[in-house]
Amino acid sequence: MSILVFIEISEGEIKKTSLEAISYASNIESGVTAIAFGEASEENLKVAGKAGASKVLHVSDDKYNEANIQAYASAIAKAAESEGAETIVLANSSLGDPVAARLSIKMGASLASNVVAAPDTSNGFVVKRSIYTGKAFANVDLTEGKRIIGIKKNAATIKEDGGDPSIETFSPDENADDFKVKVLSQEKASGDVLLPEAEIVVSGGRGLKGPENWGMIEELAKTLGAATACSKPVSDMDWRPHHEHVGQTGIKVAPSLYIAVGISGAIQHLAGVNASKCIVVINKDEEAPFFKAADYGIVGDAFEVVPKLTEAIKAI
Ligand code: FAD
């Protein structure tokens with residue numbers, strides 16, 4: 001079996017979630033091939049080797065610098081063909097998900113997203129998926145034909161003991177349709193840290209009373225190098241921008257640390273954050289449902305607790 005891993009580049013470096021995808025793939029088969037698009041130095045691409053890639057195909061043509069889903073899917077399908085790869089592994093992300101969907105149509109491949117465990121290959125190829133926003137799991141049989149596997153964030157441990165991969169330039173033959181949709185520009189939403197990829201998220205709810213009180217959330221986030229987020233009512237009331245809203249109807253996040261301030265912990269909010277590795281809840285009501293999902297809880301007034309917490313962290 002030959003495996004191709006689609007790796008995402010952000011600001012010239014391989015994203016952590018893509019290193020997880022390479023590590024996942026190299027546990028199935030040693031020496032996998034990775035494919036990357038856009039600007040990245042050879043030194044940065046070689047990091048893929050540590051995670052288990054023996055070869056990196058680099059699509060370095062300027063046309064691929066802006067994430068173009070159609071063009072990426074087409075190029076990955078061509079790379080899979082030239083590499084004889086019937087299994088594609090990628091990270092579930094705002095880019096990986098639409099690429100995977102188009103790729104599955106192009107390759108005629110089955111697709112399993114939000115995979116959380118190594119495949120069971122004892123009798124075919126069965127993967128475990130997280131479903132219903134993390135409330136249940138499904139085992140999916142991908143034994144037949146080509147397959148695409150989307151890895152849920154934090155589901156695989158990044159390997160660091162791999163070798164030095166070869167880096168090859170890959171120039172896919174373009175189809176007329178590949179660049180039908182033209183990405184003219186991309187803008188960073190706001191903040192220094194992008195919410196979907198943040199390792200730490202500081203999130204505020206209606207308990208903060210109004211937009212004028214968000215300074216302490218931003219200060220704590222800045223101190224921790226975190227992204228800011230909010231509950232749905234907060235964005236509905238325009239206290240915060242809509243792209244910060246997390247939950248069932250907002251962005252799903254899975255950071256290493258999620259700090260919830262003045263958020264009750266409604267099931268719809270939890271649906272977007274319950275994959276976080278560690279949840280800290282700050283709420284003045286000890287009966288708030290969020291405490292049941294928390295790893296650590298502070299019962300107290302956010303207006304007293306958050307500034308003290310920020311000062312304590314700054315003092316470390
Ligand atoms: P509240 O429920 O009002 O909770 C405020 C909390 O702040 C309380 O627990 C209170 O004790 C605490 N508090 C108050 N003052 C302080 C203080 N000084 N210090 C500390 N704590 C304090 N919600 C989402 O977030 N995301 C979603 O994606 C989402 N999707 C939804 C989809 C549907 C179909 C529906 C019906 C609802 C959805 N909701 C979603 C709304 C959800 O049900 C809750 O209403 C919402 O999450 C509550 O937001 P909140 O916790 O900020 O506010």
Side-chain angles (χ1 to χ4, degrees), residues 92-94 97-98 113-114 130-136 152-154 189-191 193-224 226-313:
N92 283 128
S93 69
S94 52
D97 292 352
S113 58
N114 290 317
S130 165
I131 56 170
Y132 300 125
T133 60
K135 289 256 171 288
K152 195 172 164 81
K153 192 177 172 191
N154 290 333
S190 70
V193 186
L194 287 177
L195 178 56
E197 286 137 33
E199 276 302 297
I200 306 176
V201 175
V202 181
S203 190
R206 201 150 44 182
L208 289 170
K209 318 286 185 228
E212 66 280 6
N213 295 323
W214 239 263
M216 64 180 187
I217 297 294
E218 284 169 344
E219 184 65 19
L220 177 57
K222 199 173 154 203
T223 308
L224 289 165
T228 51
C230 67
S231 65
K232 184 173 184 295
V234 163
S235 65
D236 285 348
M237 290 183 291
D238 277 339
W239 292 1
R240 297 297 290 177
H242 277 278
H243 62 75
E244 285 199 358
H245 149 208
V246 291
Q248 182 187 321
T249 47
I251 291 179
K252 318 265 180 301
V253 293
S256 298
L257 175 62
Y258 184 80
I259 302 177
V261 185
I263 303 176
S264 57
I267 191 161
Q268 296 90 351
H269 185 86
L270 292 176
V273 307
N274 58 9
S276 307
K277 271 192 187 160
C278 178
I279 296 178
V280 174
V281 171
I282 301 169
N283 197 303
K284 70 176 185 182
D285 175 11
E286 62 178 32
E287 301 290 326
F290 220 150
F291 283 122
K292 291 201 180 87
D295 296 284
Y296 300 93
I298 300 172
V299 179
D301 187 335
F303 296 92
E304 288 173 22
V305 174
V306 173
K308 279 186 188 161
L309 186 59
T310 307
E311 286 316 309
I313 294 166

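Both counts, for ligands and for their atoms, begin at 1 and track the order of listing. Index from 1, following the sequence. It should be emphasised that the depicted structure is a prediction, and the values quoted were computed from it without experimental measurement.
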Which heavy atom of the protein is the closest neighbour of [atom], given with residue, atom name and distance?
| atom | value |
| --- | --- |
| atom 30 (N) of ligand 1 | T249 OG1, 2.8 Å |
| atom 23 (N) of ligand 1 | K232 CB, 3.3 Å |
| atom 3 (O) of ligand 1 | R206 NE, 2.9 Å |
| atom 13 (N) of ligand 1 | G207 CA, 3.6 Å |
| atom 25 (O) of ligand 1 | H269 ND1, 2.8 Å |

So does [Y] get a backbone contact from the side chain of [X], meaning a donor-acceptor N/O pair under 3.5 Å?
| X | Y | result |
| --- | --- | --- |
| D295 | I279 | yes |
| N283 | I263 | yes |
| N154 | A254 | yes |
| K252 | Q248 | yes |
| N92 | S113 | no |

Backbone or side-chain N or O of P233 under 3.5 Å from ligand 1 N or O: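 No, P233 has no N/O under 3.5 Å of an N/O on ligand 1.
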
Heteroatom proximity flag, A302 to ligand 1, N/O under 3.5 Å: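 Between A302 and ligand 1, an N or O pair is found under 3.5 Å apart.
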
G272 to ligand 1, any heavy atom closer than 4.0 Å: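 Flag not set, G272 not near ligand 1.
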
Any G204 heavy atom less than 4.0 Å to ligand 1: no

Of all the atoms in ligand 1, which lie at a distance below 4.0 Å from a heavy atom belonging to [X]?
| X | answer |
| --- | --- |
| D285 | 11 (O) |
| G300 | 19 (N), 20 (C) |
| G250 | 28 (O) |
| Q248 | 27 (C), 28 (O) |
| G205 | 52 (O) |

Out of [options], whose heavy atom is nearest to [atom]?
| atom | options | answer |
| --- | --- | --- |
| atom 2 (O) of ligand 1 | S264, A260, G262 | S264 |
| atom 10 (C) of ligand 1 | V299, D301, N283 | N283 |
| atom 22 (C) of ligand 1 | K209, K284, Q268 | K284 |

E244 side chain to T228 side chain, donor-acceptor N/O pair below 3.5 angstrom: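 Side-chain D/A pair, E244 to T228: present.
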
Under 3.5 Å side-chain donor-acceptor pair for S256 and E199: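 Note: S256 and E199 side chains meet the donor-acceptor criterion.
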
For ligand 1, indicate whether the residue [X] contacts it via side chain, backbone, both or neither (heavy-atom separation under 4.0 Å).
| X | result |
| --- | --- |
| V246 | backbone |
| S231 | both |
| F303 | side chain |
| A266 | side chain |

Residue among I298, D301, V299 satisfying side chain to side chain contact (heavy atoms under 4.5 Å, CB included) with I282: I298

Qualifying residue, where the test is side chain to side chain contact (heavy atoms under 4.5 Å, CB included) with T223 and the options are I313, V202, L309: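 Answer after filtering I313, V202, L309: I313.
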
Contact bool for atom 34 (C) of ligand 1 (protein heavy atom, d < 4.0 Å): no

Test item: protein heavy atom less than 4.0 Å from atom 44 (C) of ligand 1: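 There is a protein heavy atom less than 4.0 Å from atom 44 (C) of ligand 1.
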
Crowding at CD, E212 (>12 non-hydrogen neighbours, <6.0 Å):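 Yes, because the 6.0 Å sphere around CD of E212 holds more than 12 heavy atoms from other groups.
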
K308 atom NZ: more than 12 heavy-atom contacts under 6.0 Å: no

Electrostatic pair E304-K284, nearest N-O below 4.0 angstrom: no

Y258 vs V246 side-chain heavy atoms within contact, under 4.5 Å: yes

Parallel, tilted or perpendicular: ring planes of H269 versus F290, cut at 30 and 60 degrees: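 H269 vs F290 ring planes: perpendicular.
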
